[in-house]
Amino acid sequence: MKPVAVSQLNSYIRRVLATDPILSNISVVGEISNLKHHSTGVYFSLKDSDSKVSCYIPPSILRQLRYELDEGMEIIAHGYINVYERGGTYSINIKDIEMQGTGDLAKAFKKLKTKLAAEGLFDPIHKKELPLFPSKVAVITSPTGAAVEDIKKIIRSRNLYVDILIVPVMVQGQNAASSISHAIYEVNRLFPETDVMIVGRGGGSMEELWAFNEEIVARAIFASEIPVISAVGHETDFTIADFVADFRAETPTAAAALAVPDIEKLKTMAKDSRQRLLENLEACIIVKKHRLETLDIGNLQKRLTDRITISRLKCDTFKNTLEHLSPKNIMERGYSAFTREDGSFIKSSEELKVGQTVRTVMKDGTVLSEIKEIRR
């Protein structure tokens with residue numbers, strides 16, 4: 001056989017591996033080690049007790065990844081074998097990742113929580129208030145689960161004046177996070193008049209609730225102009241969505257009660273307030289009436305007359321003071337004032353110079369003069 005160049009050999013191997021039915025779509029179990037983030041993607045080794053293999057995640061896949069990776073995590077990497085021809089090495093080019101065990105899920109949860117907290121996504125300053133009297137509530141959840149029926153039932157029992165917009169989404173599985181985040185963006189875009197949004201589902205395992213722990217869902221909630229109530233699982237379940245949402249409800253039914261006021265309770269409160277107001281008003285009228293009946297009219301007239309007299313004396317004093325200080329009265333006594341051509345007053349000879357034009361203001365007119373001599 002004729003000798004081939006190294007580049008030809010590596011190119012041939014790459015084509016052979018790319019067409020292999022097993023190696024072109026392979027799943028490998030192992031532990032992450034030597035994890036490195038780079039602008040061109042993420043690089044790491046997948047190892048077991050006896051061997052290891054290089055792995056690569058391109059940026060396009062990394063943006064869709066469901067988990068925050070860390071050293072020591074045991075994962076299932078789905079992808080294909082690719083040869084780096086220039087270096088003569090091969091790696092698994094990853095298309096998706098699954099976690100092995102709840103311990104690794106908890107580790108991914110903690111790492112993403114720390115990352116988003118450092119960016120300020122959980123800060124109270126960003127939390128929006130819920131409206132007191134919403135007219136439209138959007139519910140983003142599975143259309144077939146028990147949660148959506150519970151939410152509708154609670155809202156209808158509390159308030160018949162609220163419109164309910166059901167937005168059906170996937171709530172678990174590989175595509176659930178993109179389905180939920182897309183729905184949040186679309187409600188903001190298409191239904192901006194929505195007053196509050198409930199995002200959630202019923203209970204489940206950590207893996208089943210994982211869509212609400214993914215970064216794209218957290219960022220969609222944070223970007224929402226509409227207040228978001230997170231209602232995921234049961235009271236003891238906590239997700240990333242709970243931390244970034246404006247309010248966290250223990251269950252979907254609690255979210256429904258938090259979103260809308262109870263009309264019957266409001267009517268009762270209004271009735272009680274009206275009764276207390278009438279009672280207070282009646283008591284106030286009785287007190288005022290008693291004061292009028294016991295009032296000494298003659299003494300009141302004298303006090304009013306004295307106040308008017310004192311006020312007139314004060315007005316006369318102010319008037320005399322103003323007239324005494326009036327520039328017009330001063331000029332009547334033969335005084336005048338020097339000003340510049342722009343009208344500003346000249347207060348000292350130090351402000352004058354020979355040849356300067358000044359204006360003399362008297363009681364009945366003005367004179368324009370030129371300075372010939374200054375004696376200080």
Side-chain angles (χ1 to χ4, degrees), residues 121-122 126-204 208-235 237-267:
L121 268 69
F122 306 155
H126 300 303
K127 306 296 184 185
K128 295 177 283 294
E129 293 292 333
L130 295 180
L132 292 176
F133 303 102
S135 59
K136 188 169 189 175
V137 176
V139 181
I140 298 177
T141 189
S142 169
T144 58
V148 68
E149 296 301 326
D150 291 341
I151 291 172
K152 289 194 295 185
K153 180 181 178 181
I154 294 297
I155 291 178
R156 291 299 183 215
S157 67
R158 293 171 64 86
N159 197 322
L160 292 175
Y161 303 97
V162 175
D163 290 333
I164 305 174
L165 172 66
I166 304 297
V167 185
V169 295
M170 299 173 60
V171 293
Q172 70 181 64
Q174 183 176 352
N175 299 317
S178 60
S179 175
I180 296 166
S181 60
H182 178 71
I184 294 171
Y185 287 120
E186 286 298 280
V187 170
N188 277 269
R189 185 178 70 88
L190 299 176
F191 307 99
E193 72 281 2
T194 302
D195 296 296
V196 64
M197 192 186 308
I198 298 174
V199 180
R201 56 156 290 164
E208 290 171 334
L209 301 180
W210 192 258
F212 297 91
N213 288 322
E214 296 194 36
E215 186 171 349
I216 57 172
V217 172
R219 296 198 181 278
I221 292 174
F222 184 75
S224 175
E225 296 292 333
I226 301 168
V228 176
I229 300 174
S230 175
V232 183
H234 302 299
E235 187 174 354
D237 296 320
F238 277 88
T239 64
I240 297 295
D242 293 328
F243 294 107
V244 73
D246 299 296
F247 286 86
R248 184 245 176 188
E250 295 85 356
T251 61
T253 53
L258 183 63
V260 298
D262 189 324
I263 290 298
E264 291 306 316
K265 286 185 178 179
L266 289 177
K267 287 180 179 179

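On a predicted model such as this, the values are computed, not experimentally measured, just so you know.
- With rounding to the nearest 0.5 Å, the separation of NE2 in His182 from CG in Asn175 is 12.5 Å.
- Remark: the backbone N or O of Lys136 is not paired with any side-chain donor or acceptor of Thr194 at under 3.5 angstrom.
- Summarising the geometry of Ser179 relative to Val169, their closest heavy-atom pair is OG-CB, 3.3 Å, with the distance given to 0.1 Å.
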Report task. Before giving the answer on side chain to side chain contact (heavy atoms under 4.5 Å, CB included), spell out for Leu130 and Ile229 the whole-Å C-alpha distance, their side-chain angles and the decisive distance to 0.1 Å. Result -> CA-CA 9 Å; Leu130 295 180; Ile229 300 174; 3.9 Å; yes

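- Summarising the local packing, CD of Glu225 is surrounded by 12 or fewer heavy atoms from other residues, nucleotides or ligands at distances under 6.0 Å.
- Applying the 6.0 Å contact sphere to CD of Glu193 captures more than 12 heavy atoms from other residues, nucleotides or ligands.
- For Pro252 against Ala147, the heavy-atom pair with the smallest separation is CG-CB, 3.8 Å.
- When the options Asp242, Val217, Asp246 are evaluated for a side chain to side chain contact (heavy atoms under 4.5 Å, CB included) with Ser230, the one that passes is Asp242.
- Under a 3.5 Å cut-off, the side chain of Arg248 and the backbone N or O of Ala241 do not form any donor-acceptor pair.
- Shown here for Phe212 and Val171, the closest heavy-atom pair between the two residues is CE1-O, 3.9 Å.
- The number of heavy-atom neighbours closer than 6.0 Å to NZ of Lys128, taken from other residues, nucleotides and ligands shown, is above 12.
- Distance OG1/Thr144 to CD/Glu149: 10.0 Å, rounded to 0.5 Å.
- In this structure, the side chains of Ile216 and Ser178 come closer than 4.5 Å at one or more pairs of heavy atoms.
- Using bins of under 30°, 30° to 60° and over 60° for the plane-to-plane angle, the ring pair His126/Phe222 lands in the perpendicular bin.
- Between the CG atom in Leu121 and the CZ atom in Arg219 there is a gap of 5.5 Å [rounded to 0.5 Å].
- If you take CD1 on Ile221 and OH on Tyr185, they are separated by 10.0 Å, rounding to the nearest 0.5 Å.
- Residues Val148 and Pro143 form no side-chain contact, since every pair of their non-hydrogen atoms from C-beta on lies 4.5 Å or further apart.
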message = Determine whether Ile198 and Thr141 satisfy the following criterion, side chain to side chain contact (heavy atoms under 4.5 Å, CB included), listing intermediate values before the conclusion.
response = CA-CA 8 Å; Ile198 298 174; Thr141 189; over 6 Å; no

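- Contact annotation: the side chain of Leu160 never approaches that of Ile263 to less than 4.5 Å [non-hydrogen atoms, C-beta and beyond].
- Side-chain contact between Val199 and Ile180 is present, with at least one heavy-atom pair separated by less than 4.5 Å.
- The closest donor-acceptor contact from the side chain of Arg201 to the backbone of Ser142 lies at 3.5 Å or more, if one exists at all.
- Scanning all heavy atoms of the two residues, the minimum distance from Gly202 to Leu209 falls at O-CD2, 3.6 Å.
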- Query: Ile166 and Lys152: side chain to side chain contact (heavy atoms under 4.5 Å, CB included), yes or no, with the steps?
  - Reply: CA-CA 9 Å; Ile166 304 297; Lys152 289 194 295 185; 4.1 Å; yes

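- Of all heavy-atom pairs between Gly204 and Glu208, the closest is CA-OE1, 3.2 Å.
- Taken to the nearest 0.5 Å, the CE atom of Met197 stands 5.0 Å off from the CD1 atom of Ile140.
- Across all their heavy atoms, Ala218 and Ile240 have their closest contact at CB-CG2, 3.8 Å.
- A distance-only check finds a donor-acceptor pair linking the side chain of Asn188 to the backbone of Ile226 [under 3.5 Å].
- Residues Val244 and Phe122 are in side-chain contact: their nearest non-hydrogen atoms beyond the backbone lie under 4.5 Å apart.
- Between the Ser181 side chain and the Ala177 main chain, a donor and an acceptor come within less than 3.5 Å of each other.
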